[in-house]
Protein chains: 2
Amino acid sequence: MSLRHAVLAALLSGEYSGYQLTKAFDVGVANFWYAQPQQLYLELSKLENDGLISGREVVQQTRPTKRLFSVTDAGLAELERFAAATSKPSFIRDDLLVKVQAVDHVEVAPVIEQLDQRAAAAAAKVEILDKLLRRFRGDLDEETFLRDGTPIGPYLTCLRGKRFEQEHHDWCVRAAALLRDRAARPLPAPR
Amino acid sequence: MSLRHAVLAALLSGEYSGYQLTKAFDVGVANFWYAQPQQLYLELSKLENDGLISGREVVQQTRPTKRLFSVTDAGLAELERFAAATSKPSFIRDDLLVKVQAVDHVEVAPVIEQLDQRAAAAAAKVEILDKLLRRFRGDLDEETFLRDGTPIGPYLTCLRGKRFEQEHHDWCVRAAALLRDRAARPLPAPR
DNA sequence: TATGATTACTCATCATTCTGAGTAGGGAGA
DNA sequence: TCTCCCTACTCAGAATGATGAGTAATCATA
């Protein structure tokens with residue numbers, strides 16, 4: 001039950017509509033959770049029913065009416081409780097890694113292609129996150145911001161996300177180059 | 001539907017019983033997937049029913065009888081198909097990151113404590129994976145192994161896992177130190 | 001003046017993962 | 001000898017997440 005808390009945590013940065021959240025979940029928030037729009041809308045209504053967030057309608061002339069949500073005191077208390085509870089260990093769960101694991105026994109070409117695609121996507125993500133980080137810290141340099149800037153939470157998760165993407169990128173590039181090289185040269189037949 | 005393929009990929013390295021797999025899923029295999037023992041046993045029986053793996057009973061004197069599974073030709077074909085299909089984007093999904101995201105609004109102490117615990121766990125994981133990597137490559141140095149060694153798949157995923165844990169560790173240590181420092185000094189009240 | 005993209009959401013259902021509770025025998029240490 | 005831990009598994013059901021198919025109005029582009 002943690003999309004729940006991811007949404008709560010995301011709403012701490014201000015009021016958001018479901019739609020805006022779906023956008024945020026594509027960039028910043030995706031550093032610690034990811035979800036489909038439908039899941040977000042569903043979670044938002046559950047959270048509202050439970051009184052952890054409250055929504056207010058905003059009528060717009062040119063666009064459909066939207067509902068902006070913000071965290072209630074009960075929501076904050078729930079986050080407090082959640083933050084103090086023990087968390088599950090983190091782990092990677094990645095289709096592509098499964099494919100690489102099997103690469104000695106299956107066609108390499110499609111795997112290499114996917115590694116290339118991933119590398120490109122990760123690089124793009126790094127770019128985006130870097131911009132986000134710069135926007136967070138304004139004209140402060142990183143060291144200063146980390147010491148005194150606020151909010152520090154989103155900055156730290158963003159930092160983690162950027163590093164993750166960078167590592168992912170580097171690994172993809174390296175693995176792709178390597179597999180390409182091995183495929184080009186004759187090798188002793190894999191068992 | 002990918003625990004399925006993770007299990008298949010794991011079984012490529014040889015015959016395993018369900019129990020042995022649960023152990024492997026705690027170390028090497030956890031680099032690309034993680035699952036509870038119960039899930040593994042269930043998945044194994046499904047895979048066997050679908051003819052993707054076949055099991056043989058091994059009676060032991062001193063321990064309970066076990067079943068060792070290996071990938072069938074159909075299983076290999078399924079992996080082949082899977083490897084060529086497009087994969088979903090990877091992302092972090094981590095409770096602790098959610099907590100850090102909210103850290104400006106909740107008690108820091110328990111979050112810091114969890115960061116410490118995570119850092120320690122990640123360091124231990126790095127150790128384990130490093131040993132695994134050394135065992136994989138035997139007396140070859142890394143460069144040579146990456147060029148010519150086999151199997152290369154497990155080595156690459158292991159490498160990725162190690163990097164992930166290392167990054168995770170570093171981030172936890174840094175974030176904990178930072179939050180500790182900020183908590184010790186008086187700061188402008190968070191919004 | 002179509003066409004497609006964008007904002008803003010909803011509903012239903014399926015797939016997957018997680019959790020708790022058991023079973024059963026052997027070995028090791030107090 | 002009592003208890004706990006390790007091997008080796010099973011079953012059922014709850015919780016969580018993913019997917020497909022809509023609705024409906026506005027706006028920009030061709």
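Reminder, nothing fancy here: chain letters follow the sequence lines and each chain counts from 1.
- In this structure, B:Tyr41 shares a hydrophobic cluster with B:Tyr19, the cluster being traced through Ile, Leu, Val, Met, Phe, Trp and Tyr side chains under 4.5 angstrom apart.
- Screening residues 114-148 of chain A for ring-ring contact (aromatic ring centres under 6.0 Å, His included) gives A:Phe145-A:Tyr155 as the qualifying pairs, with residues at least two apart or on separate chains.
- Among the protein residues, B:Ser45 comes within range of no part of the nucleic acid, since none of its heavy atoms lies under 4.0 Å from any strand.
- Judged as a salt bridge (Lys or Arg N to Asp or Glu O under 4.0 Å), the pairs with a partner in residues 37-46 of chain A (not counting sequence neighbours) are, in order, A:Arg4-A:Glu43.
- Scanning for side-chain hydrogen bond (donor to acceptor under 3.5 Å, both in side chains) contacts around B:Asp141 gives B:Thr144, with sequence neighbours left out.
- Near-neighbour residues of DNA chain D inside residues 47-69 of chain B, defined by a heavy atom below 4.0 Å, number-ordered: B:Gln60, B:Arg63, B:Pro64, B:Thr65, B:Lys66, B:Arg67.
- Nearest-nucleotide positions on DNA chain C place A:Lys23 closer to the 5' end than the other of A:Lys23 and B:Leu42.
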Name each donor-acceptor pair under 3.5 Å that joins a side chain in residues 115-122 of chain B to protein atoms two or more places apart or in another chain, with its distance.
residue, atom, partner, partner atom, Å
B:Asp116, OD1, B:Arg180, NH2, 2.8
B:Asp116, OD2, B:Arg180, NH2, 2.7
B:Arg118, NH1, B:Asp94, OD1, 3.3
B:Arg118, NH1, B:Asp94, OD2, 3.0
B:Arg118, NH1, B:His168, NE2, 3.1
B:Arg118, NH2, A:Lys88, O, 2.5
B:Arg118, NH2, B:Asp94, OD1, 3.1

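- For the salt bridge (Lys or Arg N to Asp or Glu O under 4.0 Å) test, residues two or more places apart in sequence or in another chain that qualify with A:Glu48 are A:Arg67.
- Defining each end axis of the helix from C:dT1-D:dA30 to C:dA30-D:dT1 as the rotation carrying four pairs' C1' atoms onto the next four, with five pairs an end, the two axes are found to diverge by 40° to 10 degrees.
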Distance-only check: which donor-acceptor pairs under 3.5 Å involve side-chain atoms of residues 123-133 of chain A, not counting sequence neighbours?
residue, atom, partner, partner atom, Å
A:Asp130, OD1, A:Lys162, NZ, 2.7
A:Asp130, OD2, A:Arg134, NH1, 2.7

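- Extent of DNA chain D lying under 4.0 Å from chain A heavy atoms, first and last nucleotide in 5' to 3' order, is D:dT16 to D:dC27.
- Looking at heavy-atom distances under 4.0 Å, B:Ser17 makes contact with sugar-phosphate atoms alone, never a base.
- Screening residues 75-86 of chain A for salt bridge (Lys or Arg N to Asp or Glu O under 4.0 Å), with sequence neighbours left out, gives A:Glu78-A:Arg81.
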Check residues 32-39 of chain A and write down every donor-acceptor pair under 3.5 Å in which the side-chain atom is one partner and the other belongs to a residue at least two apart or another chain.
residue, atom, partner, partner atom, Å
A:Tyr34, OH, A:Gln36, OE1, 2.8
A:Gln39, OE1, A:Gln36, N, 3.1

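- Heavy atoms of B:Arg93 sit under 4.0 angstrom from primed sugar atoms or phosphate atoms, though from no base atom.
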